[in-house]
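Ligands are counted one by one from 1 in listed order, and the atoms in each one are counted from 1 as well.
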Amino acid sequence: MRKKIVAGNWKMNLTLAQGEQLINDILQAGLKLAEGQEVVVATPFPYLTKAKSLLKNYPGFYVAAQNCASEKSGAYTGEVSADMLQSIGVDYVIIGHSERREYFQESNAVLAKKVDLALAAGIKPIFCCGEPLEVRQSETQNAYVSKQLEESLYHLTEEQLKNVVIAYEPIWAIGTGLTASAAQAQDMHAFIRSQIANKFGREAALHLTILYGGSAKPGNAAELFANPDVDGGLIGGASLVANDFVAIIQHLG
Ligand SMILES: O=C(CO)COP(=O)(O)O
């Protein structure tokens, strides 16, 4: 069966000391992860090594970067490559978060290159997709998301896709307190799975972990995770509070 994942995206928050405290508080909760369940913490780049060393003796706990470069190496001042992330033991990398798409003009084509470099380095991409409010209001979200998948993932082989996680994050629900309803999440996740089945086959689609992100919190996680095509969450704000993050993980079931 496919993996169930709760991933915390810290974004550009916390000092190293605060991040360390947060991880220690999460570990203190003594979570018992069931077979196939994973917890991922996506920290800022400078904390990844520390996060990895704190989590390395805890089976089922992994670290993620929040981005990687779209080039392999070379004169790209300020960039961090997938190979560098691999060399410090990073397990996952978030690719195509809507904040990167919006503020750093990351196109579907650039994201396809990042996905390729991450996979080549042995790091699993958490590929984000999701529509802005006006697209949802015009009820064209399926076509919008489908194009994101097509242009960044459809060049992969079925074998490569096995190492990709998809996160559906409707932009209108990110940091707004507005959550997609359980039915809206399920509808989109089922749609994404059907698109993947059409392109890569039924087996690949059944194996694919699809996370929901956007104002997920302890109070709505159970309802969201109860849907057959929602395999966990990518959590922003609530991942910065140990008790909330732990409560969300517990709702994985
Ligand atoms: O962007 C998100 C996770 O990547 C979601 O953020 P919030 O949970 O703060 O809405």
Sub-4.0 Å heavy-atom approach of Gly175 to ligand 1: yes
contact_flag Lys217 ligand 1 heavy-atom lt 4.0 Å: no
Tyr154 atom OH: more than 12 heavy-atom contacts under 6.0 Å: yes
Sub-4.0 Å atoms of ligand 1 with respect to non-hydrogen atoms of Ala173: 10 (O)
Numbered atoms of ligand 1 (with element) below 4.0 Å of Glu169, judged on heavy atoms: 1 (O), 2 (C), 3 (C), 4 (O), 5 (C)
Residue pair Asp229 / Ile210, side-chain heavy-atom distance below 4.5 Å: no
Region of His97 that comes within reach of ligand 1 [heavy atoms, distance under 4.0 Å]: side chain
Atom pair CZ (Arg100) and SG (Cys68), whose distance is rounded to the nearest 0.5 Å: 10.0 Å
Inter-residue atom distance Glu169.CD - Asn9.CG, 0.5 Å rounding: 7.0 Å
Donor-acceptor pairs under 3.5 angstrom involving side-chain atoms of residues 243-253: please list them, not counting sequence neighbours.
from	atom 1	to	atom 2	distance (Å)
His251	NE2	Pro218	O	3.3

Any nitrogen or oxygen of [X], main chain or side chain, under 3.5 Å from a nitrogen or oxygen of ligand 1?
X: Glu99; value: no
X: Gly236; value: yes
X: Gly237; value: yes
X: Asn9; value: yes
X: Gly214; value: no

For Ala118 against Pro125, the heavy-atom pair lying closest together: CB-CG, 4.1 Å
Chi angles and distances behind the side chain to side chain contact (heavy atoms under 4.5 Å, CB included) call for Leu31, Tyr58: CA-CA 10 Å; Leu31 285 160; Tyr58 292 85; over 6 Å; no
